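Note: hydrogens, waters and symmetry copies are ignored here, and every other heavy atom, side chains too, is used. Model, not experiment: these values are computed from the prediction. Just follow the structure's listing: the first ligand is 1, and inside any ligand the first atom is 1.
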Amino acid sequence: MANDLLKGKRGIIFGALNSQSIAWKVAERAHEEGATFVLTNAPIAMRMGEINNLAEATGSKIIPADATSVEDLDNLVTQSMEILGGKIDFVLHSIGMSPNVRKKKHYTENDYRFYSQTMDVSAMSLHKTLATLYKHDAMSEWGSVLALSYIAAQRIFPDYNDMADAKSLLESIARSFGYHYGIKNKVRVNTISQSPTVTTAGQGIKGFQEFINFSEQMSPLGNASALACADYCLSMFSDLTKYVTMQNLFHDGGFSNTGVTQPVIERFGDE
Ligand code: NAI
């Protein structure tokens, strides 16, 4: 169902790795809604090659960029404006990676080189992206920058490991930069805190499937899918949400405000 919600808008979409990626769904839906955009991902992720199919399907160019490299981001932003023929209206930051999670380092025994990488890739990359856009005056007035977060930024989910700290930082950067960018260019910066979703990044978390089931039962509406998340992202890129900025927006079927649900309570009935 397309409504030309993003007709004429230009964007940059980070993080489409394969068809499960949240960014992939955002790209497909943004295309349906009339946007044009550049796709980007870390050069190493390009090796899988799947992003080429998405580029073809959406008529997009791909510009590789390691989101931790200011040089790569400079190139991405300047080239994107050239390719798209003007300033950028929306940016999706859909990036996450923790070497401590990957190498199964317990939170209490984190490797600090890994920890720095987690922060750099998963959080500081948002600051670097925003600072690059700001420096090049690349965003249109009322433009919208979104990053994806998770409720482990507010509450403990032990196996989320150092990604929880990265998400706290990510949300704080959105708030701080949102202030400065709002004052300067009326640019909006927000994070969307999404339900657990089956993707490559999600599956790296220990006990993920059990956790998805738990979350499903703890959410009055059930877990939000990647496609539903994409739709919410589009609404945040559209002109219908112009005064929303510096927020962390829960897109989680009600999980964040639920203490307990009947199905969960019933599991404790016999004890
Ligand atoms: P995904 O694995 O499909 O996407 C993660 C992306 O980050 C990949 O495309 C990867 O190549 C990219 N990336 C990693 N290092 C990079 C770097 N140095 N430079 C540029 N890109 C880099 O997984 P998913 O789930 O779509 O993740 C997208 C975002 O959604 C992440 O921020 C994740 O933390 C967040 N999120 C995911 C949830 C889930 O359960 N899957 C729940 C809540 C938030």
Side-chain angles (χ1 to χ4, degrees), residues 12-28 39-51 54 62-73 75-76 91-99 101-102 116-126 128-129 132 146-154 157 159-171 173-174 191-216 219 223-230 232-233 248-253 255-256:
I12 301 177
I13 298 179
F14 288 80
L17 180 67
N18 54 37
S19 59
Q20 288 185 316
S21 301
I22 296 169
W24 190 286
K25 310 277 185 220
V26 173
E28 286 181 334
L39 296 169
T40 182
N41 209 324
I44 195 161
M46 302 278 174
R47 284 199 212 143
M48 320 267 188
E50 290 187 51
I51 196 172
L54 181 65
I62 304 170
I63 303 178
D66 177 344
T68 65
S69 158
V70 172
E71 199 186 329
D72 283 9
L73 291 170
N75 177 56
L76 170 68
V91 175
L92 178 73
H93 175 289
S94 186
I95 299 171
M97 199 279 295
S98 159
V101 169
R102 282 199 180 173
S116 300
Q117 281 174 270
T118 304
M119 295 303 138
D120 198 11
V121 173
S122 310
M124 233 193 299
S125 60
L126 176 64
K128 290 176 180 177
T129 301
T132 307
L146 268 184
L148 291 174
S149 194
Y150 183 56
I151 194 174
Q154 286 80 29
F157 292 89
D159 292 328
Y160 205 62
N161 211 319
D162 58 345
M163 277 300 289
D165 303 345
K167 292 304 191 192
S168 298
L169 178 57
L170 184 83
E171 292 176 12
I173 290 169
T191 50
I192 288 181
S193 185
Q194 163 67 4
S195 293
T197 316
V198 180
T199 62
T200 306
Q203 280 156 341
I205 308 290
K206 199 170 128 210
F208 191 65
Q209 192 49 53
E210 291 86 331
F211 187 65
I212 292 233
N213 300 343
F214 167 73
S215 174
E216 174 76 21
S219 309
N223 289 329
S225 68
L227 183 58
C229 184
Y232 192 30
C233 291
N248 178 48
L249 305 161
F250 288 103
H251 183 256
D252 64 358
F255 179 90
S256 48

Q: Determine the interplanar angle of the Phe255 and Phe157 rings, folded into 0 to 90°, and report it as parallel if under 30°, tilted if 30 to 60°, perpendicular if over 60°.
A: tilted

Q | Atom of Asn41, atom of Gly15 and distance for their closest heavy-atom approach | A | ND2-C, 3.7 Å

Q.
Using every non-hydrogen atom in the two residues, find where Met46 and Ile62 come nearest and quote the distance to one decimal.
A. CE-CG2, 3.5 Å

**Q.** atom 18 (N) of ligand 1 [closest protein heavy-atom partner, distance rounded to 0.1 Å]
**A.** Asp66 OD1, 3.0 Å

Q. Do you know the tightest heavy-atom contact between Ile22 and Gln194?
A. CD1-CG, 4.1 Å

Q) For Trp24, is the nearest heavy atom under 4.0 Å from an atom of ligand 1? A) no

Q: Using only heavy-atom distances, determine whether the side chains of Trp24 and Gln20 contain a donor-acceptor pair under 3.5 Å.
A: no

**Q.** Nearest protein heavy atom with distance in Å, relative to atom 15 (N) of ligand 1
**A.** Val121 CG1, 3.4 Å

Q. Quick one: nearest non-hydrogen protein atom to atom 21 (N) of ligand 1, plus distance?
A. Asn41 OD1, 3.4 Å

Q.
Under 4.0 Å, heavy-atom basis, I'd like to know which part of Ala65 is in contact with ligand 1: side chain, backbone, both or neither.
A. backbone

(Q) I'd like to check which ligand 1 atoms, numbered from 1 as shown, lie under 4.0 Å from a non-hydrogen atom of Phe208. (A) 40 (O)

Q | Shortest protein contact, atom 3 (O) of ligand 1 (heavy atom only) | A | Ser21 OG, 2.6 Å

Q: Could you check atom 40 (O) of ligand 1 against the protein and tell me its nearest heavy-atom contact, residue, atom and distance included?
A: Thr197 N, 2.7 Å

Q. Of the backbone atoms (N, CA, C, O) and the side-chain heavy atoms from C-beta on, which set of Phe211 has a member under 4.0 Å from an atom of ligand 1: side chain, backbone, both, or neither?
A. neither

(Q) List ligand 1 atoms under 4.0 Å from Gln194, heavy atoms only on the residue side. (A) 42 (C), 43 (C)

Q.
I'd like to know if the side chain of Gln209 pairs up with that of Asn213 as donor and acceptor (distance under 3.5 Å, no hydrogens or angles considered).
A. yes

(Q) If the contact criterion is a heavy-atom separation under 4.0 Å, does Ala147 count as touching ligand 1? (A) no

Q.
For atom 25 (O) of ligand 1, what's the nearest protein heavy-atom neighbour? Residue, atom name and distance, please.
A. Thr199 OG1, 2.5 Å

Q. Taking all non-hydrogen atoms of both residues, which atom of Ala23 and which atom of Ile13 are closest, and how far apart?
A. O-CG2, 3.9 Å

Q. Can you tell me if Ser215 uses its side chain to pair, donor with acceptor, with the backbone of Phe211 under 3.5 Å?
A. no

Q) What atoms in ligand 1 come closer than 4.0 Å to a heavy atom of Thr200? A) 2 (O)

(Q) Can you tell me if Ser195 contacts ligand 1 (heavy atom of the residue under 4.0 Å from the ligand)? (A) yes

Q. So Tyr150 and Tyr160, would you call those rings parallel, tilted or perpendicular, with 30° and 60° as cut-offs?
A. tilted

Q: Run down the list Ser149, Cys229, Ala224, Pro64 and name the one with the heavy atom closest to atom 43 (C) of ligand 1.
A: Ser149

Q) Can you tell me the protein heavy atom closest to atom 13 (N) of ligand 1 and the distance? A) Ile95 CG2, 3.7 Å

Q: Please confirm whether the backbone N or O of Pro64 pairs with a side-chain atom of Thr40, one donor and one acceptor, at under 3.5 Å?
A: no

Q. Taking the non-hydrogen atoms of His93, is any one of them nearer than 4.0 angstrom to ligand 1?
A. no

(Q) To the closest 0.5 Å, what do you measure between CD (Gln203) and CD1 (Ile212)? (A) 8.0 Å

Q) What residue and heavy atom of the protein are closest to atom 37 (C) of ligand 1, and at what distance? A) Ile22 CD1, 4.1 Å

Q: Could you list the atoms of ligand 1 found under 4.0 angstrom from a heavy atom of Gly15?
A: 4 (O), 6 (C), 8 (C), 9 (O)

Q) Counting each atom of ligand 1 from 1 as listed, which ones have a heavy atom of Ala45 under 4.0 Å away? A) 11 (O)

Q. Against heavy atoms of Leu148, which atoms of ligand 1 measure under 4.0 Å?
A. 29 (C), 30 (O), 32 (O), 35 (C)

Q.
If I compare all heavy atoms of Lys167 with all of Ile95, which pair ends up nearest, and what's the gap?
A. NZ-O, 4.3 Å

Q) Between the side chain of Lys128 and the main-chain N/O of Val70, is any donor-acceptor distance below 3.5 Å? A) no

Q.
Going by the closest heavy atom to atom 23 (O) of ligand 1, which one wins out of Ala16, Ala153, Ala201, Ser94?
A. Ala201

Q: Report the member of Gln203, Met163, Lys167 with the shortest heavy-atom distance to atom 33 (C) of ligand 1.
A: Lys167

(Q) If the cut-off is 4.0 Å to any non-hydrogen atom of Pro196, which atoms of ligand 1 fall inside it? (A) 40 (O)

Q) Are Asn18 and Thr200 close enough that a side-chain donor and a side-chain acceptor fall under 3.5 Å? A) yes

Q | For Tyr150, atoms of ligand 1 separated by under 4.0 Å from a heavy atom | A | 43 (C)

